[in-house]
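Remarks on the structure that follows.
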Amino acid sequence: MKKILQLSFGILFLSSYFYAQEKIESDFINSKDAKIYLAGHDGLVGAAIMRKLRDDGYTNIVTRELHELNLLNQAATRKFFEEERPDYVFLAAAKVGGIVANNTYPAQFIYENMMIEANIIHAAHEYGVKKLMFLGSSCIYPRLCPQPMKEEYLLTSELEKTNEAYAIAKIAGLKLCEYYKKQYGDNFISCMPTNLYGPGDNFDVKAGHVLPALMMKMHTAKVEGKDHVVLWGTGSVYREFLYVDDVADAIVFLMKHYNGATHINVGTGKDLTIRELAELVKEIVGFEGALVFDVTKPDGTPKKLLDVSKLCALGWRNKVELRQGIKQMYEWFLNHQHELRK
Ligand code: GFB
């Protein structure tokens with residue numbers, strides 16, 4: 001028994017030593033006035049990265065609205081890089097949506113995401129960007145992936161059909177980073193966040209993700225005095241949720257401390273069923289009616305819990321627990337009724 005314990009501790013020590021080897025001190029840490037291009041600055045994650053960069057004292061952040069720069073246009077993207085010559089890039093621009101949006105518009109999800117990634121990553125290479133961070137998504141892992149999902153399980157079996165198009169585009173993005181690093185030596189890295197939520201989310205009940213959709217449905221039902229809300233699927237599948245300011249913190253942390261050739265998972269390491277999530281949202285919103293599950297709607301992947309040991313070994317952990325995060329999100333929702341994306 002003692003020998004087994006010693007052996008396990010030895011393996012644990014060796015693996016954390018191995019991962020700790022990848023922790024670096026990037027020039028980004030002390031480049032507070034370097035030019036940073038934040039692509040997707042007005043999305044859920046982009047806005048949180050902006051808050052984090054400003055809090056950390058970065059002063060020279062370049063952004064473009066959609067009408068100023070269409071990232072689907074290669075020539076326009078190239079011209080932007082030629083004129084601005086950013087030192088660092090955060091690639092948080094993407095076409096995103098919940099399970100039904102992914103399943104209904106697969107052509108748009110694969111085309112738009114692949115174009116945005118290829119245009120930005122190639123222009124970053126051409127114009128000598130010092131470091132680039134690409135954001136993926138946990139749906140890149142196989143549908144029936146062993147749990148929790150380690151980085152090396154990528155491409156080991158079939159993807160979940162409801163979001164295959166989006167997942168293939170995101171896999172292409174992280175492979176672009178990997179291969180540009182391998183062939184050209186570009187310092188392009190990528191991370192795979194789990195399901196995200198928080199202030200600024202998309203509350204559209206048809207196109208959005210589960211958490212903002214549940215909040216909107218339950219809040220509306222409460223205000224209108226309805227006795228039930230209809231949710232999708234069976235409610236028995238598991239999901240992991242990370243507060244958006246936590247993911248922004250992790251992304252900036254990785255920009256400062258990670259140069260690895262392969263992607264790195266970003267999550268909490270904890271998940272719950274959709275029914276448990278719905279009960280939690282119900283309690284926080286103060287809705288007293290019943291939860292009805294429409295099983296004609298898809299469930300998606302049965303479980304997609306990220307293995308976050310690699311990120312933890314670098315010294316990062318999430319701060320905002322799910323209950324606290326949902327409370328903060330609901331407070332924001334109540335105070336921003338006129339500017340909700342829905
Ligand atoms: O958040 P969600 O759309 O995305 O759905 P995925 C998660 C689970 O919640 C599914 C259930 O099992 C849904 O059936 N659900 C219950 C609902 N009620 C609702 C509702 O009112 N709205 C929504 N949206 N879901 C997406 C992918 O997968 O996650 C993307 O399609 C991406 O590609 C993203 O990876 C993070 O977790 O299933």
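Keep in mind the model is a prediction, meaning the values are calculated, not measured. For ligands, and for the atoms within them, numbers begin at 1 and follow the listed sequence.
Under the side chain to side chain contact (heavy atoms under 4.5 Å, CB included) rule, Tyr197 has a single partner from Val247, Ile326, Leu277, which is Ile326.
For Met114, the CE atom is loosely surrounded, since the number of other residues' heavy atoms within 6.0 Å does not exceed 12. Around CD of Glu84, the count of heavy atoms belonging to other residues, nucleotides or ligands within 6.0 Å exceeds 12. Within a 6.0 Å sphere centred on NZ of Lys32, other residues, nucleotides and ligands contribute more than 12 heavy atoms.
Using bins of under 30°, 30° to 60° and over 60° for the plane-to-plane angle, the ring pair Tyr330/His219 lands in the perpendicular bin. Ring geometry, Tyr88 versus Phe28: the interplanar angle exceeds 60°, so the pair is classed perpendicular (tilted spans 30 to 60°).
Contacts of ligand 1 (protein heavy-atom distance under 4.0 Å) are Gly97, Gly98, Ile99, Asn102, Ser137, Cys139, Asn163, Tyr166, Asn195, Gly208, His209, Val210, Ala213, Leu214, Lys217, Leu231, Trp232, Val237, Arg239, Ile274, Pro298, Asp299, Lys304.
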